[in-house]
Amino acid sequence: MRDSNRLQGLQQRPLWDFALALYAKPGVEQACLTLQDEAGVDVCELLFHCWLYQHGLAAKPAPLDAIRAERLAWQQQVTAPLRALRRRLKPEAAQNEAIEALRATLQRAELQAERENLQRWQKWALASSTNDVRLTKSDISQHNVAQWLQDTLFSAPLDKHFPQAQRVRESTTTALFTLASQLDRCEPPR
């Protein structure tokens with residue numbers, strides 16, 4: 001897909017700026033944390049797909065698989081250890097100012113790692129060309145966004161991911177609907 005208007009839109013609104021704006025909307029932060037902590041969703045990838053959706057685009061499945069593996073490795077090797085250490089220190093930080101300062105430093109490092117990951121997702125999307133088609137026009141209607149996100153993020157239905165955990169399935173579905181409700185309807189370029 002070579003739709004210069006849509007690709008120009010991606011360039012004009014960087015993924016990081018979009019992610020900050022979306023994350024600040026009511027319910028989105030909690031929805032993202034629920035999806036991350038209960039369903040193992042990579043929030044950076046989630047925000048990437050939302051960003052594409054805003055511009056009437058979607059990632060093609062085959063090229064997505066390769067970048068997904070690369071970005072997941074980053075999350076597992078860089079971001080997740082920072083997050084785990086920050087969370088592990090939380091109880092101790094309540095009684096120790098030095099540990100609280102360390103947690104704040106870890107939080108900034110974690111945020112920087114997520115920003116770098118989002119920039120790499122963006123770079124990948126913008127490198128789409130006629131010889132390396134990574135994106136396609138999206139025909140997702142606004143009332144189907146939550147299902148589309150679920151299908152994009154989970155290779156199998158949620159029941160297959162969480163067969164014994166109805167509460168996790170329900171909270172994941174609720175989080176996806178919350179997130180979808182905060183996405184503005186994408187208008188096709190003229």
Side-chain angles (χ1 to χ4, degrees), residues 1-23 28 31-80 113-162 169 172-173 175-180 182-186 188-189:
M1 187 227 56
R2 249 349 251 175
D3 185 327
S4 60
N5 289 336
R6 292 175 197 263
L7 289 174
Q8 185 177 20
L10 292 179
Q11 291 172 334
Q12 290 174 348
R13 182 140 192 227
L15 177 51
W16 176 251
D17 294 344
F18 167 82
L20 290 176
L22 180 61
Y23 206 77
V28 172
C32 288
L33 293 174
T34 296
L35 291 166
Q36 174 183 277
D37 295 342
E38 295 187 21
V41 168
D42 175 356
V43 171
C44 289
E45 181 182 352
L46 171 67
L47 293 169
F48 168 73
H49 291 296
C50 291
W51 178 65
L52 292 179
Y53 168 79
Q54 285 291 125
H55 295 281
L57 297 167
K60 293 182 71 94
L64 177 63
D65 288 343
I67 188 66
R68 179 181 277 153
E70 182 183 310
R71 302 293 9 108
L72 182 59
W74 174 270
Q75 289 294 84
Q76 291 172 339
Q77 296 167 9
V78 179
T79 310
E114 289 175 334
R115 184 176 188 164
E116 178 62 28
N117 197 10
L118 288 171
Q119 288 172 338
R120 291 179 185 197
W121 275 110
Q122 178 178 322
K123 182 179 178 183
W124 177 84
L126 293 175
S128 186
S129 68
T130 53
N131 297 330
D132 183 12
V133 180
R134 299 173 177 187
L135 305 176
T136 186
K137 290 180 184 176
S138 171
D139 59 359
I140 312 311
S141 69
Q142 191 170 18
H143 68 278
N144 291 331
V145 175
Q147 184 64 49
W148 169 73
L149 285 171
Q150 178 179 313
D151 294 346
T152 301
L153 296 167
F154 300 98
S155 57
L158 282 175
D159 287 343
K160 300 237 192 251
H161 280 279
F162 309 107
R169 286 193 313 274
T172 299
T173 300
L176 288 168
F177 276 104
T178 298
L179 188 62
Q182 293 298 333
L183 289 171
D184 298 328
R185 176 73 177 115
C186 148

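We use all heavy atoms of the structure for the numbers below, so side chains are in, but hydrogens, waters and symmetry mates are not. Throughout, numbering of the chain's residues begins at 1 and tracks the sequence. Fair warning: this is a prediction, and the values are worked out from it, not measured in the lab.
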Notebook entry, point to check: Should the pair F48 and W124 be assigned to parallel (<30°), tilted (30 to 60°) or perpendicular (>60°) ring geometry?
Noted result: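 Judged by the thresholds at 30° and 60°, the geometry between F48 and W124 is perpendicular.
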
Considering only heavy atoms from C-beta outward, does the side chain of [X] approach that of [Y] to under 4.5 Å?
| X | Y | answer |
| --- | --- | --- |
| L35 | L153 | no |
| L22 | Q182 | yes |
| C50 | L149 | yes |
| W51 | W121 | no |
| V145 | L179 | no |

How close do [X] and [Y] get, counting heavy atoms only, and between which atoms?
| X | Y | result |
| --- | --- | --- |
| L135 | A125 | CD1-O, 3.6 Å |
| H49 | A59 | CE1-CB, 4.3 Å |
| A180 | A146 | CB-N, 3.7 Å |

Notebook entry, point to check: With sequence neighbours left out, what residues match V43 under side chain to side chain contact (heavy atoms under 4.5 Å, CB included)?
Noted result: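 Side chain to side chain contact (heavy atoms under 4.5 Å, CB included) check on V43 returns C32, Q36, L47.
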
Next item on the list: Would you please name every residue forming a side chain to side chain contact (heavy atoms under 4.5 Å, CB included) with P61, sequence neighbours left out?
Entry: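 Once residues adjacent in sequence are excluded, P61 has no partner under the side chain to side chain contact (heavy atoms under 4.5 Å, CB included) criterion.
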
What distance do [X] atom [atom1] and [Y] atom [atom2] have between them, rounded to the nearest 0.5 Å?
| X | Y | atom1 | atom2 | answer |
| --- | --- | --- | --- | --- |
| L15 | R120 | CG | CZ | 13.5 Å |
| C44 | R115 | SG | CZ | 12.0 Å |
| T178 | L183 | OG1 | CG | 11.5 Å |

Set of side chain to side chain donor-acceptor pair (under 3.5 Å) partners for [X], sequence neighbours left out:
| X | answer |
| --- | --- |
| D132 | R134 |
| D37 | R87 |
| D17 | none |

Note to self: Pair W16, Q122 - check side chain to side chain contact (heavy atoms under 4.5 Å, CB included), show working.
What the structure shows: CA-CA 9 Å; W16 176 251; Q122 178 178 322; 5.8 Å; no

Could you give the side-chain donor-acceptor pairs of residues 68-80 under 3.5 Å, partners two or more places apart or in another chain?
{"unit_1": "R68", "atom_1": "NE", "unit_2": "E45", "atom_2": "OE1", "d": "3.2"}
{"unit_1": "R68", "atom_1": "NE", "unit_2": "E45", "atom_2": "OE2", "d": "2.9"}
{"unit_1": "R68", "atom_1": "NH2", "unit_2": "E45", "atom_2": "OE2", "d": "2.6"}
{"unit_1": "R68", "atom_1": "NH2", "unit_2": "T152", "atom_2": "O", "d": "2.8"}
{"unit_1": "R71", "atom_1": "NE", "unit_2": "N117", "atom_2": "OD1", "d": "2.4"}
{"unit_1": "R71", "atom_1": "NH2", "unit_2": "N117", "atom_2": "OD1", "d": "3.4"}
{"unit_1": "W74", "atom_1": "NE1", "unit_2": "A113", "atom_2": "O", "d": "3.1"}
{"unit_1": "Q75", "atom_1": "OE1", "unit_2": "T79", "atom_2": "OG1", "d": "2.8"}
{"unit_1": "Q75", "atom_1": "OE1", "unit_2": "N117", "atom_2": "ND2", "d": "2.9"}
{"unit_1": "Q75", "atom_1": "NE2", "unit_2": "D42", "atom_2": "OD1", "d": "3.1"}

